[in-house]
Amino acid sequence: MLTIKLAFRNITHAGIRTWLNVFVLSFAFVLIVFTEGFYDGMAQQIKDAMINSEIGGGQFWQKDYDPYDPFSIEQSHSLVPANINDEVKKGNALAVLVVSAAIFPRGHVQSALIKGIDPEQKIINIPSAVLDNNADTNSIPGLIGAKMANNTGLNKGDFVSVRWRNIHGTFDAADIKIVEIMNTDVQSIDRDQIWIPLNKLQSMLQAPGQATIITMKKNIVNIPSGVPEFVFHNHDYLFKDINDNLNRKKISSALMYILLLSMALLAVFDTQVLAIFRRRKEIGTLMALGMTRWNIISLFTLEGSLLGILAFVSGMIYGVPLLAFLAKTGVGLPSMVQSVGSSIPTTLYPKYGIRLYIITTMILFFSVIIVSFLPTRRITKLKPTDALRGKLS
Amino acid sequence: MDNNKIIIVDNLIKDYSMGSSFFRALNDISFSAKKGEFTGLVGPSGSGKTTLLNILGALDNPTQGDAVVLGKSVKSLSHKDAAQLRNHSIGFIFQTYNLLPVYTVFENVEFSLLLLKKGKEEREEAVMKALSWVGLTNKANSRPNQLSGGESQRVAVARAMVKNPEIVLADEPTANLDAENSHNIIRTMLKLNEELKTTFIFATHDEKVISYLHRKIVLNDGKIVNDLILN
């Protein structure tokens, strides 16, 4: 208790030196919490957006389907098994047929995926209902995302020619009329793809009743048992790429905050080294007054550690309102970032959990205690008589 | 052991190593001091006064021989026991005052009592009493950098005396003071010696201090060359 009292007196009387250290440490603390919260929030937003707009409660993939292998697409469709089809009929699942095609926007050829979807579906957040309201019965209604529109130059009301091969290998072609352009953060339902009614695509492909992907309703508990033709993939599998990407980003951000924390800790270390050098006469006096070496080491270590506590408190004072404000208003991202990333929303909302605060606080405290203690080891070798003369033994 | 003898120094030798050779700072010193003495270790610079004082204060260890302070052999004291001895029974006064700069006068004087884990009321009473001995109750809230040299040394005296130690060791307490302040400080210490029967041992070569001493132990080249009872 005495040591705490003395340490607190010493650092509060030390003036600007203390407050500079506290500021640097608290800045590091707040920035680490913000950075971690930023990535946690980004991960959560991306996953929420994907669940809502693409993967729902998990997906059955036709056994040959591999989204990274364009050559697999032609083979990857089968009849929807009866038990899964029952769920589709009950509104618990959504069948999507995927076909590889060539489109000819503005006279250029471009490869694209044509995706068939039930216009009345309520499983994923795609405005598929617009595919049902097409007055022009001679054309195929098509829905594209804003990025696809931007890449192809297609606008609402435009026609685009599309060429595909049916299941017998015969090429066929038709015009698709763009009936709506949707805005979405999920690029995997936007880039290089056109959504059309499922029955139309099944008929174009001469594959009635067939699908490539069956998306289950969000939060569904009972997943139908799989059949050899369709393999179920849960969220862990479907988010693997995203998690890997986020972990890579976290590592690079961790390097940044390790650097930042190191600089803050170096300031504390320097302060401690300087304090022991400048206050060696005081150390001698404390010994003469009856303090043991370990009392003095505890005092100096505690002085450094209190910097960590003050940094935590001051970080909470200005950091909590600031971080809460950012969590509420979000952080806008420049368009350049969105154009290179996948599924990155325009505004990110950082997410701060209690675990994040506890871990960051523990890292800060332990680091500060260690760097506060290390320089004080010199005191164990210090002779009282040398210290009183202002010498370091 | 004579119960009155609170310091017994017996054939004390202190060597400092200087590379391959050594320097003998104290050479076969023997003397004893009784409770309530007002004694000076007198001699020129380098005669061994401060070294002897440091050993008596358990801040340093003898190379040979021993010093027994309040019945405890300095040579056999652990760091912790030495700190305990200083904490409970010995007050120090230094030439350069050695006040803790971030504390107020009150807090500087209070410090020894905090180490002794005295209660708040007891501390406050003792600190104000000690400050009244040295005439500085009005400076209780001042910081050391707001005090003159004489005032700083009076605070150091109050700090040494506040815990009512049996021995006060003062190393050149007047070296940085003018004549008037030197006399004031010595008179204050003499008064405390008479009232509280505290033993004072000075290291000094200041004639002003010497004129107040009851006993003068003269050191030269690490040896006692004279031991005089003055009055």
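Computed from a predicted model, the values in this text were never measured in an experiment. Chain identifiers are assigned alphabetically (A, B, ...) following the order of the sequence lines, protein sequences preceding nucleic acid strands; residue numbering begins at 1 within each chain.
Comparing B:Ala83, B:Gly57, B:Ala82 by how many heavy-atom pairs each has under 4.5 Å with chain A, the most go to B:Ala83.
Of the two parts of B:Leu100, only the side chain, counted from C-beta on, holds a non-hydrogen atom closer than 4.5 Å to a non-hydrogen atom of chain A.
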Can you pull out the donor-acceptor contacts between chain A and chain B, under 3.5 Å, including backbone atoms?
from: A:Arg9; atom 1: NH2; to: B:Glu110; atom 2: OE1; distance (Å): 3.4
from: A:Asn10; atom 1: OD1; to: B:Tyr103; atom 2: OH; distance (Å): 3.1
from: A:His13; atom 1: NE2; to: B:Val102; atom 2: O; distance (Å): 3.3
from: A:His13; atom 1: NE2; to: B:Arg143; atom 2: NH1; distance (Å): 3.4
from: A:His13; atom 1: NE2; to: B:Arg143; atom 2: NH2; distance (Å): 3.0
from: A:Lys281; atom 1: NZ; to: B:Thr96; atom 2: OG1; distance (Å): 3.2
from: A:Thr285; atom 1: OG1; to: B:Asn98; atom 2: ND2; distance (Å): 3.0
from: A:Met287; atom 1: O; to: B:Arg86; atom 2: NE; distance (Å): 2.8
from: A:Met287; atom 1: O; to: B:Arg86; atom 2: NH2; distance (Å): 3.3
from: A:Arg293; atom 1: NH1; to: B:His79; atom 2: ND1; distance (Å): 3.2
from: A:Arg293; atom 1: NH1; to: B:His79; atom 2: NE2; distance (Å): 2.6

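With hydrogens and angles ignored, the 3.5 Å screen pairs a side-chain donor or acceptor of A:Gln45 with a backbone N or O of A:Tyr349.
Under the 6.0 Å distance and 45° angle rule, A:Lys249 does not count as a cation-pi partner of A:Tyr39.
With sequence neighbours excluded, no residue forms a side chain to side chain contact (heavy atoms under 4.5 Å, CB included) with A:Leu259.
For an aromatic pair to be called close, the ring centres must be under 6.0 Å apart, and B:Phe38 with B:Phe202 satisfies this.
Contact between B:Val162 and B:Val109 at its shortest, heavy atoms only, is CG1-O, 3.3 Å. Residue A:Ala327 comes nearest to A:Tyr352 through the heavy atom pair CB-CE1, 3.9 Å, listed as atom of the first residue, atom of the second, then distance. Heavy-atom minimum distance, A:Leu307 versus A:Val268: CD1-CG1, 4.2 Å.
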